[in-house]
Amino acid sequence: MALCPVVGKLLHKRVVLASASPRRREILSNAGVRFEVVPSRFKEKLNKASFSAPYAYAVETAKQKALDVASRMHQKDLRAPDVVIGADTIVTVGGLILEKPVDKQDAYRMLSSLSGKEHSVFTGVAIVHCYSRDGQLDTDISEFYEETKVKFSELSEELLWEYIHSGEPMDKAGGYGIQALGGMLVEYIHGDFLNVVGFPLNHFCKKLAELYYPPKPEDVQRVKHDSIPTVDTFENPSDVEGGGSEPAQRNPGSGEGEGWGPCAPGAGGSLVEAEGDPRARGTKEAAKCNRTAETLPPFPADLLELIEGFKASKALFTACKLKVFDLLRDVAPQKAVDIAGNVDASLYKTERLLDFCTAVGILEKTEQGYSNTELANLYLVSDSEDSLHSFIMRNNDHTWNLFTHLEFAIQEGTSQPRRALGKEAEDLFQDSHPQSKETQLQFMRAMHGLTRLTAHQVATAFNLSWFTSACDLGGCTGALACKLAQEYPHLQVTVLDLPNVMEHASCFQPHGPEAAQISFVSGDFFRDSLPRADLYILSRILHDLPDDRVHDLLSRVSGSSKPGGSLLLVEAVLDDEQAARVSLMQSLNTLVQTQGRQRSRGEYRRLLQQHGFCDVQVARVGDTLDVFLGTRAAP
Ligand SMILES: Cc1cn([C@H]2C[C@H](O)[C@@H](COP(=O)(O)OP(=O)(O)OP(=O)(O)O)O2)c(=O)[nH]c1=O
């Protein structure tokens, strides 16, 4: 692929992204760049009035961010990284520069100034090449900016405040995120979308191409001004000889706006070299080494992520197990030494774990110490409303062991609870296998967090307002029942689950007005008669069951349904191309854990029809779930 060689020029270098922005990190890593993240401590408070244009402010801030990181790393390690990338995104409207809002009122001020108008988003980028000369840091700085025009619709007061209360505006220039909810405010954009999100990738690649493949004078005519040169464009013997792998050094005589000097003639080809200059020699040697990079196959970034992905999961599990996010929810920021003391762990190793968490965007690091990101506060703190902590711990304590036996599951065609956990598959959902209260609660909390993620979308996938009674079979903690009750104030919802689940259900019962609409009933949907209801719900139940038990259960539900009553079925299906990866991963999960299997949308539709539910409608929820609604025909 044409872009790979350009990005490939960075692969053998120590590249640092001087930014705490999770968006920049994602854009660069999606492009296959390998880098470390060291957030800049440069305070964004340059005097805006002293700049001739807003973009100059963004470019200078980007440069200062990168230089701050380069010099700190050089001081700390006595060795700077090879390349430091800094960026700064601003929004401009009516001559004003908008950065990140300081509070909700500020976000309101910004967003109302953008309402109904076109504005510009500028991202300034600095690519700083670092060299160490006699222990001193020396740099070559290349900088550029990109402008994207964005037009907002007229925004009502109500919409503005709803958006502000979502929390999304707070860490974003101009107070919005075009890549998420903020996308709904946008009427049109002209220019690079990623530039708005914080990093103009296309311009960055062009800049790299300019730096690493400076055109020879005779090539200038051949290179389209706005294209990213591919290796082919420059692949000729003299280019290979000339290296072209290190950035061309700036011609000392050339001024700032002149760009990068043309290639020096002679053996070196594209590099301007001073005889006896050790930096130039090093550069030439490096150029020789990197020459082969052009002929290498594309770097397997996705493959490496797959190979090493389990390490990232385990690091997250460990930070959760140590309750790092709970600690930082209570007191933040905290230094590594205090966190290590609190969790009773080695300082050096705790620091490595915290830095990893920072690099993947779940912690933030400043001079004062580490703090939770918004994401961590929402999902990783153990007792937050939407916590996924127990789901993570369940993966750590339970699913992890099962997955280490995946090869047996595949070879033998059976699930592996016995080998991994000393239990039979059906025991996992039965009373017959006593679990400790803690294990049971962990399972229930895990299901609770997971169900809450999509409960609202499931509850509203169809208009259910004409039902008066519903029964959620295997409804566990009542997380879905609660959303249904909130959404449909006239609906009475019964949650049916096994006695060992119901024993602990009181820990999850809602406290709001919807509590009066929900009742919990203990029972086994395979043995006991089902509570009467005009809507039955089977949410994420059938995939855990083998075919004979699916038929058994569906015929019991069908037998209890009155004509005109309905069944709402929620499952991750196998055959949707967009969700293929996630669904396929879930199907591995099912085959290693249970005797069930993931089924296709067509199979579920047929199952419903076979059991007397007709007029089956299907809605997609999130990335993975299908919601089916079938109506019981008269027998
Ligand atoms: C306009 C807009 C901005 N943004 C983000 C990109 C940037 O992260 C942020 C602008 O703030 P910046 O100061 O550019 O960056 P930052 O503070 O997030 O990170 P750092 O200074 O460490 O590099 O706003 C979006 O994510 N979406 C948008 O639509």
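Indexing begins at 1, ligand by ligand and atom by atom, following the structure's order.
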Can you pull out the closest protein heavy atom to atom 29 (O) of ligand 1? Residue, atom name and distance to 0.1 Å, please.
-> Ile178 N, 2.7 Å
Rounded to the nearest 0.5 Å, what separation is found between the NZ atom of Lys63 and the CD1 atom of Ile141?
-> 5.0 Å
Enumerated ligand 1 atoms positioned under 4.0 Å from heavy atoms of Asp88 | 12 (P), 13 (O), 14 (O)
When distances are taken from atom 6 (C) of ligand 1, the protein heavy atom at minimum range is Val197 O, 3.3 Å
If we ignore angles and hydrogens, is there a donor and acceptor under 3.5 Å between the side chains of Asn195 and Thr123?
-> yes
How about Asn47 and Tyr57: does a side-chain donor come under 3.5 Å of a side-chain acceptor?
-> no
Consider only side-chain N and O atoms of Glu44 and Thr61, and report whether a donor and an acceptor are under 3.5 Å apart.
-> no
Verify the distance criterion only: is there a donor paired with an acceptor across the side chains of Thr89 and Arg24 at less than 3.5 Å?
-> yes
Counting from 1, what ligand 1 atoms have a heavy atom of Asp171 closer than 4.0 Å?
-> 9 (C), 24 (O)
Starting from atom 1 (C) of ligand 1, find the nearest protein heavy-atom neighbour and note its residue, name and distance.
-> Ala173 O, 3.3 Å
With a 4.5 Å heavy-atom cut-off, do Glu487 and Thr460 have their side chains touching?
-> yes
For Gly177, the ligand 1 atoms with a heavy-atom partner under 4.0 Å come out as 27 (N), 28 (C), 29 (O)
Kindly assign one of parallel, tilted or perpendicular to the pair Tyr55 and Tyr145, based on the angle between their ring planes and the thresholds 30° and 60°.
-> parallel
Logged contact type for Ser19 with ligand 1, heavy-atom cut-off 4.0 Å, is both
Is there any N or O on Ala20 that sits under 3.5 Å from an N or O of ligand 1?
-> yes
Using a strict cut-off of 4.0 Å, indicate which atoms of ligand 1 neighbour a heavy atom of Gln179.
-> 25 (C), 26 (O), 27 (N), 28 (C), 29 (O)
Quick one: do Asp106 and Arg109 make a salt bridge, cutoff under 4.0 Å?
-> yes
Heavy atom of the protein closest to atom 16 (P) of ligand 1 (residue, atom name, distance) | Lys100 NZ, 3.6 Å
Specify side chain, backbone, both or neither for Thr123, according to which of its non-hydrogen atoms lie closer than 4.0 Å to ligand 1.
-> neither
Does Arg329 make a cation-pi contact with Phe325 (under 6.0 Å, within 45 degrees of the axis)?
-> no
For Arg24 and ligand 1, answer yes if some heavy atom of the residue is under 4.0 Å from a ligand atom, otherwise no.
-> yes
Determine whether more than 12 heavy atoms belonging to other residues, nucleotides or ligands lie under 6.0 Å from atom NZ of Lys117.
-> yes
Got the closest protein heavy atom to atom 21 (O) of ligand 1, with its distance?
-> Lys65 NZ, 2.6 Å
May I ask you to identify the nearest protein heavy atom to atom 2 (C) of ligand 1, giving residue, atom name and distance to one decimal place in Å?
-> Val196 O, 3.1 Å
Under 3.5 Å: N/O of Arg23 near N/O of ligand 1 | yes
For atom 18 (O) of ligand 1, closest protein heavy-atom neighbour = Ser21 CB, 3.5 Å
Asp330 bridged to Lys323 by N-O distance under 4.0 Å | no
Close-contact set for ligand 1 against Thr89 heavy atoms, below 4.0 Å | 10 (C), 14 (O)
